[in-house]
Amino acid sequence: CVYEPGPRSPVKALVTGGAGFIGRALVSSLLEKDCDVIVIDSGDTSDLNAVPSSAELVERDIGKIGELEWTRLMGGVERVFHLAARKYNTPGVTPSQLLETNVNATWKIAEAAASARVERFVFTSSLYAYGALGPEAMRESDVPAPTTLYGASKLMGEHILRTLSTSSNLKWSCARL
């Protein structure tokens, strides 16, 4: 959250996957910077009890949130941090569930953010988008060549944002963790 000089309302941030390991650290950091934070998390692979009480918690699967609800959730949001995903090795996750969450829900979230004129959208991709997982170090200049459906779904999320930004003013960035 970045503040301009003078009186200003706190920046409002929405964090999907905010109850996960990385999400909790991000939410805590945003709260320390006096941001208003909305956390959306299903709790399937995370600890909802670890979300600070000063954040608004929406216990939902992002793949099951419709367009109207995303529009409502984006009201007044200035920053979106999209960390939620179906992971590559989660037991019981089907390819359809993985695509519904990692591709279709990413599209819905990004589209709602663009419509709401969110100032910045940060997408958490994955090193699986590269395909090769080592032992050599990867570089950002490496051509993505995913070898798993998870990697392909995360790369598709990047492409969704790139495509959407050409028809809207959505500013986005991506981190391949």
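Along the sequence shown, residues carry numbers from 1. All heavy atoms count here, side chains included; hydrogens, waters and symmetry mates do not.
- Salt bridge absent: Asp36 and Arg79 never bring a charged side-chain N and a carboxylate O closer than 4.0 Å.
- Annotation: side chain of Asp41 is not in contact with side chain of Val51 (no heavy-atom distance under 4.5 Å).
- Here OG of Ser96 is found 11.5 Å from CZ of Arg86. Values are rounded to the nearest 0.5 Å.
- Although no hydrogens or angles enter the test, the distance criterion places a donor-acceptor pair under 3.5 Å between the side chain of Lys12 and the main chain of Gly75.
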Exercise. Decide side-chain contact (heavy atoms from CB on, under 4.5 Å) for Ile160 and Val103; before the verdict, give the C-alpha distance in whole Å, the side-chain angles of both, and the deciding distance to 0.1 Å.
Key: CA-CA 8 Å; Ile160 285 168; Val103 177; 4.0 Å; yes
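- When the side-chain hydrogen bond (donor to acceptor under 3.5 Å, both in side chains) test is applied to Thr94, the partners found at least two apart in sequence or on another chain are Gln97.
- Applying the side chain to side chain contact (heavy atoms under 4.5 Å, CB included) test to Ser168 and every residue at least two apart in sequence or in another chain returns Ala114, Leu164, Leu170.
- Residues satisfying the salt bridge (charged side-chain N to carboxylate O under 4.0 Å, His left out) criterion with Arg120, sequence neighbours excluded, are absent altogether.
- Nearest heavy-atom pair across Pro146 and Ala152 is CB-N, 3.4 Å.
- Note that CG of Leu14 is 5.0 Å distant from CD1 of Ile38, once rounded to the nearest 0.5 Å.
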Listed pairs under 3.5 Å, donor-acceptor, residues 21-31 side chains, sequence neighbours left out:
residue, atom, partner, partner atom, Å
Arg24, NH1, Ala19, O, 2.9
Ser28, OG, Arg24, O, 3.1

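- Inter-residue side-chain proximity for Leu57 and Leu48 is flagged as met; some heavy-atom pair is nearer than 4.5 Å.
- Linking ILVMFWY side-chain heavy atoms closer than 4.5 Å, directly or via other members, places Leu177 and Phe81 in a single hydrophobic cluster.
- Counting heavy atoms from C-beta outward, Ser125 and Cys174 have side chains that approach closer than 4.5 Å.
- Legend: side-chain hydrogen bond (donor to acceptor under 3.5 Å, both in side chains) pairs involving residues 106-118, not counting sequence neighbours, sorted by first then second residue: His82-Thr106, Trp107-Glu111.
- Considering only residues two or more places apart in sequence or on other chains, Thr45 meets the side chain to side chain contact (heavy atoms under 4.5 Å, CB included) condition with Thr90.
- In this structure Phe121 satisfies the ring-ring contact (aromatic ring centres under 6.0 Å, His included) test with no other residue, sequence neighbours excluded.
- The side-chain hydrogen bond (donor to acceptor under 3.5 Å, both in side chains) test applied to Trp172 returns Ser165, not counting sequence neighbours.
- Evaluation of the salt bridge (Lys or Arg N to Asp or Glu O under 4.0 Å) test over residues 45-60, restricted to residues two or more places apart or in two chains, returns Arg60-Glu69.
- The cluster map of Ile, Leu, Val, Met, Phe, Trp and Tyr, joined by side-chain heavy atoms under 4.5 Å apart, puts Val118 and Ile62 in the same cluster.
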Self-check item: Verdict with supporting geometry, Met74 and Ile109, side-chain contact (heavy atoms from CB on, under 4.5 Å)
Solution: CA-CA 9 Å; Met74 290 292 170; Ile109 296 165; 3.9 Å; yes
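- Looking only at side-chain heavy atoms (C-beta outward), Val80 and Val122 stay at 4.5 Å or farther from each other.
- Remark: Lys171 engages no residue in a salt bridge (charged side-chain N to carboxylate O under 4.0 Å, His left out) (not counting sequence neighbours).
- For Ser126, there are no side-chain hydrogen bond (donor to acceptor under 3.5 Å, both in side chains) partners, not counting sequence neighbours.
- Grouping the Ile, Leu, Val, Met, Phe, Trp and Tyr side chains by contacts below 4.5 angstrom, directly or via other members, places Phe123 with Val77.
- The distance from atom CD1 of Ile40 to atom OG1 of Thr16, rounded to the nearest 0.5 Å, is 7.0 Å.
- Within the structure, salt bridge (Lys or Arg N to Asp or Glu O under 4.0 Å) pairs that include any residue of residues 136-163 comprise Glu158-Arg176 (at least two apart or interchain).
- Side-chain atoms of Asp61 and Ser42 include no donor-acceptor pair closer than 3.5 Å.
- With values rounded to the nearest 0.5 angstrom, Leu161 atom CG is found 11.0 Å from Thr166 atom OG1.
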